[in-house]
Amino acid sequence: MTARLDHRNPLVFDTHELGRRPGALQRLTREIDAPKDFGIQGVVGVPEGAPVELELRLESVMEGVLVTGTARAQAEGECVRCLEPLQLDVEAEFQEMFSYPDADDRGRVHHAEPGDDAEDDEDRLFLEDGMFDLEPVLRDAVVLALPMQPVCQEDCQGLCAECGVRLADDPDHHHDAVDIRWAALQGLAGSLGDGEKDEMSGAEPGVDEKQEK
Ligand SMILES: [Zn+2]
Ligand SMILES: [Zn+2]
């Protein structure tokens with residue numbers, strides 16, 4: 001059993017005012033502080049305590065309350081290409097059915113398709129004392145709305161593979177890749193040259209040929 005819902009929790013909503021007459025509608029807005037781990041861990045997320053604006057539409061239906069809503073917040077993270085900190089506006093939409101616990105059996109008779117009972121039951125969320133906890137629904141919606149690979153700007157060029165400088169800060173920056181290879185070749189050429197010089201200076205011309213004969 002999960003702990004009883006606490007009506008003082010800002011993510012717990014009370015549907016008593018809405019009532020159980022099917023078709024009844026209630027719209028409400030609420031600003032909450034983002035709970036912990038509100039995003040994709042280590043990539044991008046809404047910082048704990050940051051404001052999240054909620055717009056909800058509660059609709060009373062036969063088996064429970066259908067909740068449709070939008071959440072707006074600002075997420076923070078870092079660019080996956082250049083690692084600069086970034087901020088982005090998140091707008092997450094969600095819709096979830098919270099069933100009356102006492103409507104469970106009725107709902108099952110009417111809606112269960114053969115074979116998907118178990119799955120259906122696991123996924124179902126229920127009202128408890130006429131209240132529901134929006135947090136898991138909201139968290140999933142926000143995570144889905146966030147980019148898996150956030151970038152500071154669409155055309156971020158990332159970091160220089162040679163020296164790690166951020167290319168957007170220094171667009172003309174480049175390294176001559178040829179230079180590096182050339183330097184290696186020059187080094188090689190230099191050592192060959194030294195070797196030749198040593199042979200030339202250290203050995204008498206023609207000595208080798210005489211020794212071979
Ligand atoms: Zn970037
Ligand atoms: Zn560089």
Side-chain angles (χ1 to χ4, degrees), residues 9-13 27-58 66-97 122-123 125 132-199:
N9 177 338
L11 278 165
V12 168
F13 291 80
R27 288 175 197 279
L28 52 94
T29 57
R30 188 181 285 187
E31 185 177 298
I32 59 141
D33 293 342
K36 254 177 79 174
D37 303 326
F38 216 50
I40 305 166
Q41 191 148 29
V43 179
V44 61
V46 181
E48 187 179 357
V52 180
E53 276 179 47
L54 295 176
E55 268 178 42
L56 294 188
R57 176 181 180 274
L58 312 185
L66 183 65
V67 178
T68 311
T70 309
R72 290 185 189 84
Q74 195 163 58
E76 292 179 3
E78 66 181 30
C79 174
V80 291
R81 294 186 199 148
C82 73
L83 311 180
E84 280 292 299
L86 58 81
Q87 291 194 323
L88 51 97
D89 294 328
V90 200
E91 185 171 305
E93 296 186 345
F94 50 89
Q95 183 169 64
E96 193 65 54
M97 178 74 194
E122 260 175 45
D123 291 346
L125 297 171
F132 63 87
D133 181 7
L134 193 64
E135 183 169 335
V137 175
L138 193 56
R139 185 187 305 277
D140 288 354
V142 167
V143 167
L144 273 177
L146 288 168
M148 292 294 291
Q149 309 237 301
V151 287
C152 60
Q153 53 197 58
E154 279 310 312
D155 59 350
C156 174
Q157 298 294 302
L159 302 176
C160 171
E162 299 290 348
C163 71
V165 84
R166 184 172 179 255
L167 294 173
D169 294 336
D170 193 356
D172 296 331
H173 167 101
H174 73 285
H175 300 268
D176 227 331
V178 178
D179 262 359
I180 289 164
R181 278 175 238 149
W182 186 233
L185 282 175
Q186 279 178 322
L188 191 60
S191 62
L192 283 175
D194 287 349
E196 273 163 26
K197 260 180 242 159
D198 284 343
E199 265 174 45

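Since the model is a prediction, treat every value here as computed from it, not as a measurement. Whatever order the structure lists them in is the order used to number ligands and atoms, beginning at 1.
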Is the closest basic N to carboxylate O distance between Glu91 and Arg72 below 4.0 Å?
yes
Sort out for me which residue in Leu146, Leu138, Val143 forms a side-chain contact (heavy atoms from CB on, under 4.5 Å) with Phe38.
Leu138
Rounding to 0.5 Å, atoms NZ (Lys36) and CD (Glu48) come to a distance of 6.5 Å
Taking CZ in Arg30 as the centre, count heavy atoms belonging to other residues, nucleotides or ligands within less than 6.0 Å. Is the count above 12?
yes
Cation-pi check, Arg139 to Phe94: give yes when NZ or CZ is under 6.0 Å from the six-membered ring centre and within 45° of the ring axis, no otherwise.
no
Protein N, O or S atoms under 2.8 Å from the Zn ion (ligand 2)
4
Identify, with sequence neighbours excluded, every residue that meets salt bridge (charged side-chain N to carboxylate O under 4.0 Å, His left out) alongside Asp169.
Arg166
Reported NE2-to-CD distance for the pair His173 and Glu162, which is rounded to 0.5 angstrom:
8.0 Å
Which protein atoms of type N, O or S are found under 2.8 Å from the Zn ion (ligand 1)?
Cys79 SG, Cys82 SG, Cys152 SG, Cys156 SG
By side chain to side chain contact (heavy atoms under 4.5 Å, CB included) - contacts of Val12 (at least two apart)
Leu5, Asn9, Met131, Asp133
Establish, from distance only, whether the side-chain atoms of Glu55 and Thr29 form a donor-acceptor pair under 3.5 Å.
no
